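Computed from a predicted model, the values in this text were never measured in an experiment. Basis for what follows: all heavy atoms, side chains included, without hydrogens, waters or symmetry-related copies.
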Amino acid sequence: MQLGDKIPDFELENQYAERFNSSSLEGKAAVIYFYPKDFTPGCTAEACEFRDKYEDFKDAGAEVIGVSSDDTDSHAKFSKKHNLPFIMLSDSQGELRKLFDVKSSLLGLLPGRETFVFDKTGKLIMRYNSIKSKNHIIKALKALNHT
């Protein structure tokens, strides 16, 4: 995915084992962040930071979506334990990760941590890749507030 690309069509299950379709994002900004694994320290910190800033994202007209290869049961437990108010998608086959061209990190040992921000027209306005989880939230909010 390159800046200016449109959000691709996709469908995955959320933490409630319900089908989520990207067409439901039409007319909304979206922050789609990929992370390695539920319940790991960095991923928990990132999810909780997105949670703590969730109202700021909503005020900017954006939906937040977390994506990892964990199954829906893991997402449900993770979401409940940390009171996550946003959508968590299970990409157990890695299809969405491949569609977004998210690379592995740490010599290919971990799924990558990457954040994509789309404006209200569905156009990619920011792509950010860093193992440091906290920077993702700051950069995503900054990108949304400059549209």
- Task: Give a yes or no on whether the ring-centroid distance for Phe100 and Phe34 is below 6.0 angstrom.
- Result: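 Distance test on ring centres: under 6.0 Å, yes.
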
- For the residue pair Phe57 and Phe86, is the inter-centroid distance of their aromatic rings smaller than 6.0 Å? no

- Item | Glu63 and Tyr54: side chain donor to acceptor below 3.5 Å | yes

Using a 6.0 Å cut-off, check whether atom [atom1] of [X] has over 12 heavy atoms from anything other than its own residue.
X	atom1	answer
Asp9	CG	no
Lys6	NZ	yes
Glu26	CD	no

- Counterpart residues, side chain to side chain contact (heavy atoms under 4.5 Å, CB included), relative to Gln2 (two or more places apart): Asp5

- Does the distance from a Lys or Arg side-chain N to an Asp or Glu carboxylate O, for Lys103 and Asp101, drop under 4.0 Å? yes

- Query: Using 4.0 Å as the upper bound for N to carboxylate O, is an ion pair formed by Arg97 and Glu114?
  - Reply: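 A salt bridge is absent here (no side-chain N lies under 4.0 Å from a carboxylate O).
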
Would you say that [X] contacts [Y] through its side chain, given a criterion of any heavy-atom pair below 4.5 Å between the two side chains?
X	Y	value
Phe116	Arg127	yes
Ile65	Phe20	yes
Lys53	Leu141	yes
Lys37	Ser68	no

- One should read off an interatomic distance between Leu96 CG and Leu89 CG, to the nearest 0.5 angstrom, of 7.0 Å

- Considering non-hydrogen atoms only, spot the tightest contact between Thr115 and Ala140 and give its length. CG2-CB, 4.3 Å

- Parallel, tilted or perpendicular for His82 and Phe78, by the 30°/60° rule? perpendicular

- Glu13: what forms a salt bridge (Lys or Arg N to Asp or Glu O under 4.0 Å) with it, not counting sequence neighbours? none

